[in-house]
Amino acid sequence: MHRRSTMEKPRVRFAPSPTGYLHIGGARTALFNWLWARKTGGTFVLRIEDTDQARSTDASTQVIIDSLRWLGLDWDEGPGVGGPHGPYFQMQRLDLYRAHADRLVAEGKAYRCYTTREELEAMKAKLPEGKKRDGFVYPRIWRDRPQSDWLEGQPYVVRFKSPSDGATEFDDKVFGTIRSPNASLDDFVLLRSDGVPLYNFGAVVDDVTMGITLVGRGSDHIINTPKQILLYRALGAPVPEFAHLPMMLTPDGKKMSKRLADQQGIDVPVEVYRDKGWLPDALLNYIARFGWSSGDQEIFTRDELVAHFDWDHCGKDDGRYDKKKSLWVSFEHLRKLDDDAYAAAVIPFLAASGINVAPSDPRLIPAVRTIRPRAQRLCDAAEMLAFYFVDAPVMDAAVVAKFLTADAKAQLAEVAAVLDALPAFDEASVGAAFEGWLAARSLEIKTVAQPARVALTGKGASPGLFEVMAVLGREVTVRRLRAAADVAA
RNA sequence: GGCCCCAUCGUCUAACGGUUAGGACAUCGGCCUCUCACGUCGGUAAUACGGGUUCAAAUCCCGUUGGGGUCACCA
């Protein structure tokens, strides 16, 4: 059997089915393929596998495309950009699958099967209890029937004539040699009775006709690979290389379904990361380091990922999503932004919570500087910034009750008076005045800081008191201190 | 259950026969300190188990156990 030459420029693809959002595991598959294409000067193809008509939707296609664009995983051929091997939607390639299926039938490598779905169900029902779900294989009723037996006019599926002896073997780029006995293969269906191909057939016909040289995908597809290799051979096509990636699991080691992940606070759809204020490069960094490594390096720019990526350093074992580490990666990328970029990035997140801040607002950059070491995502940043930009901060009842005591309120009134009289209101001046007043009253800062913080921010935790005051300005600072001092006990 | 795959700190991983088994996140403690963070210094923590092969095994082989994947006219 001939194989793809490793000398030619790689052609890789990402082939999602549009049945929902872009899953974070899918994003990682897309990323690894994209990295390989970009590193090698190859071609990255996007193909939409929309043959599951019951579940595929145009809206989902759009969501997936939007997510890929947000991540910056641009494709060289596919929806929106076209290319020489289109169309890139499987439902627009039906003639192609039909032609290939007919050819396999003509060559005796596949056959028409007139057994109906109902008959199959009946056979399954007769199986002993335990095997009903697990062990049913189509009994190859139509496998060797002559063409004269065909029920013309009746619906039929096209099944592959799987070999029943020998074994199929391939050399995976990350798992090494994988070998499985052909006897475990069913005469699987290539074409449904309505002419729409099933996954294994559609993918192979497309990978052949699109000239794909390396198939990178999740390890849940290892089981499909022998079937597909048999199909490549039956079609007389070169077999591409395969690279399977271990799975991303939930923190307790389960398959990352949205429902299960939600329970554990893990976000599965890529769009949620965008909406919570991750930088695309940060998400790429986290999922790249998941199952792949480059020495001790943890934080990578996009270019570094492209430069360092290779299949040899991909691990084989499934991993579990680590939320804390993912947030740390997000934080590390956020900190690389300069203040202007950070401020511009956070404005939409402020707006999303109803707080409109103009890019030119003089409080914006100083305010942003105070929360930068504290926010791991932009949604957190917006939440921390809110008190600066509202008329009156939202007061946390628990901390109000704890810190705004009668004594504290009297002290805040005094502090307000002191600050109101200050000639300058920068952080240093405010700090000096505040500490001067503390000294005069023989008070420790600890006793007044929390009440003041609650008065100014409504919360028990915030950036430093004096930096907050400086950003707020004299008028607002004094007003909030007095408002807290006046609040009913 | 059949078939396939996997196995180093809690988690992500380094090691490609010879290391005091390294790093990062998390965690614990010190420093910093007006809170929360950030920063900084330090600590705890792993080769699943049992047999081989070898002068030498986390690394190679076999078995056990555990985990995952998959068994559709889904992808």
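Below, read A as the first sequence line, B as the second, and so on, with proteins coming before strands; counting in each chain starts at 1. Here the structure is a predicted model, which means the values were calculated and not measured.
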A.B. asks: Does A/Val189 reach the side chain of A/Tyr138, with side-chain heavy atoms less than 4.5 Å apart?
C.D. replies: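 Of all side-chain heavy-atom pairs linking A/Tyr138 with A/Val189, none is under 4.5 Å.
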A.B. asks: Describe the nucleic acid contact of A/His244 in one word from base, sugar-phosphate, nothing, applying a heavy-atom distance below 4.0 Å.
C.D. replies: nothing
A.B. asks: Please figure out whether A/Asp220 or A/Arg55 has its closest RNA chain B nucleotide nearer the 5' end.
C.D. replies: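 Between the two, 5'-proximity favours A/Asp220.
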A.B. asks: A/Arg192 side chain to A/Pro197 main-chain N or O, any donor-acceptor pair under 3.5 Å?
C.D. replies: yes
A.B. asks: Is A/Arg179 near enough to B/rC5 that one of its side-chain N or O atoms lies under 4.0 angstrom from OP1 or OP2?
C.D. replies: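 A/Arg179 to B/rC5 OP1/OP2: no side-chain N or O under 4.0 Å.
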A.B. asks: Reading RNA chain B from 5' onward, which residue's closest nucleotide shows up sooner: A/Trp292 or A/Ser193?
C.D. replies: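 The residue closer to the strand's 5' end, by nearest nucleotide, is A/Trp292.
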A.B. asks: When you measure from the side-chain N and O atoms of A/Lys255 to the phosphate of B/rU70, is any distance below 4.0 Å, counting only OP1 and OP2?
C.D. replies: yes
A.B. asks: Look only at the side chain of A/Gln297 and the backbone of A/Ser294, and say whether a donor-acceptor pair between them is shorter than 3.5 Å.
C.D. replies: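 No, because the side chain of A/Gln297 does not come within donor-acceptor range (under 3.5 Å) of the backbone of A/Ser294.
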A.B. asks: Taking ring-ring contact (aromatic ring centres under 6.0 Å, His included) as the definition, give me every residue that meets it alongside A/Tyr273, ordered by chain and number, with sequence neighbours left out.
C.D. replies: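 Partners of A/Tyr273 by the ring-ring contact (aromatic ring centres under 6.0 Å, His included) criterion, ordered by chain and then number, come out as A/Trp278.
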A.B. asks: Using the side-chain heavy atoms of A/Arg289, tell me which of these nucleotides is nearest: B/rC12, B/rA75, B/rG22.
C.D. replies: B/rC12
A.B. asks: What one-letter contact string describes nucleotides 28-42 of chain B from 5' to 3', where B marks a base within less than 4.0 Å of any protein heavy atom, S marks contact via sugar-phosphate atoms alone, and - marks no contact?
C.D. replies: ------BBBBSS---
A.B. asks: Write down the partner of B/rC25 under the Watson-Crick or G-U wobble criteria, each distance required to be under 3.5 Å.
C.D. replies: B/rG10
A.B. asks: Can you tell me which nucleotide in B/rA75, B/rC4, B/rG69 comes closest to the side chain of A/Pro181?
C.D. replies: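 For the A/Pro181 side chain, the nearest candidate turns out to be B/rC4.
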A.B. asks: Are the aromatic rings of A/Trp142 and A/Tyr114 close, with centres under 6.0 Å apart?
C.D. replies: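 Centroid distance A/Trp142-A/Tyr114: below 6.0 Å, so yes.
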A.B. asks: Check whether the ring centres of A/Tyr321 and A/Tyr286 lie less than 6.0 Å apart, and answer yes or no.
C.D. replies: yes
A.B. asks: Nearest to the side chain of A/Lys254, heavy atoms from C-beta on, is which of B/rG68, B/rC25, B/rU70?
C.D. replies: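 Minimum distance to the A/Lys254 side chain belongs to B/rG68.
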A.B. asks: Give one of base, sugar-phosphate or nothing for A/Glu298, where a contact means two heavy atoms less than 4.0 Å apart.
C.D. replies: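 Since a base atom lies under 4.0 Å of A/Glu298, the category is base.
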A.B. asks: Listing time: all N or O pairs from protein to nucleotides 7-9 of chain B that are below 3.5 Å?
C.D. replies:
from	atom 1	to	atom 2	distance (Å)
B/rU8	OP2	A/Asp317	OD2	3.2

A.B. asks: The side chain of A/Ser293 is closest to which nucleotide in this list: B/rC4, B/rC12, B/rA14?
C.D. replies: B/rA14
A.B. asks: Whether the A/Tyr199 and A/Ser17 side chains hold a donor-acceptor pair (N or O, under 3.5 Å, no angle test) is what I'd like checked.
C.D. replies: no
A.B. asks: Looking at every strand, decide which applies to A/Arg320 at a 4.0 Å heavy-atom threshold: base, sugar-phosphate, or nothing.
C.D. replies: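 Counting heavy atoms under 4.0 Å across all strands, the contact made by A/Arg320 is with sugar-phosphate only.
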A.B. asks: Would you call the rings of A/Trp292 and A/Phe309 parallel, tilted or perpendicular, taking 30° and 60° as the class edges?
C.D. replies: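 Ring orientation of A/Trp292 relative to A/Phe309: tilted.
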A.B. asks: Contact class for A/Thr19 vs. all strands (heavy atom < 4.0 Å): base, sugar-phosphate, or nothing?
C.D. replies: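 Nothing, no heavy atom under 4.0 Å.
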A.B. asks: A/Ser17 has a side chain; which of B/rC6, B/rC74, B/rA75 sits nearest to it?
C.D. replies: B/rA75
A.B. asks: Side-chain N or O of A/Thr225 versus OP1/OP2 of B/rC4: is the shortest distance under 4.0 Å?
C.D. replies: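 The answer is no; no side-chain N or O of A/Thr225 sits under 4.0 Å from OP1 or OP2.
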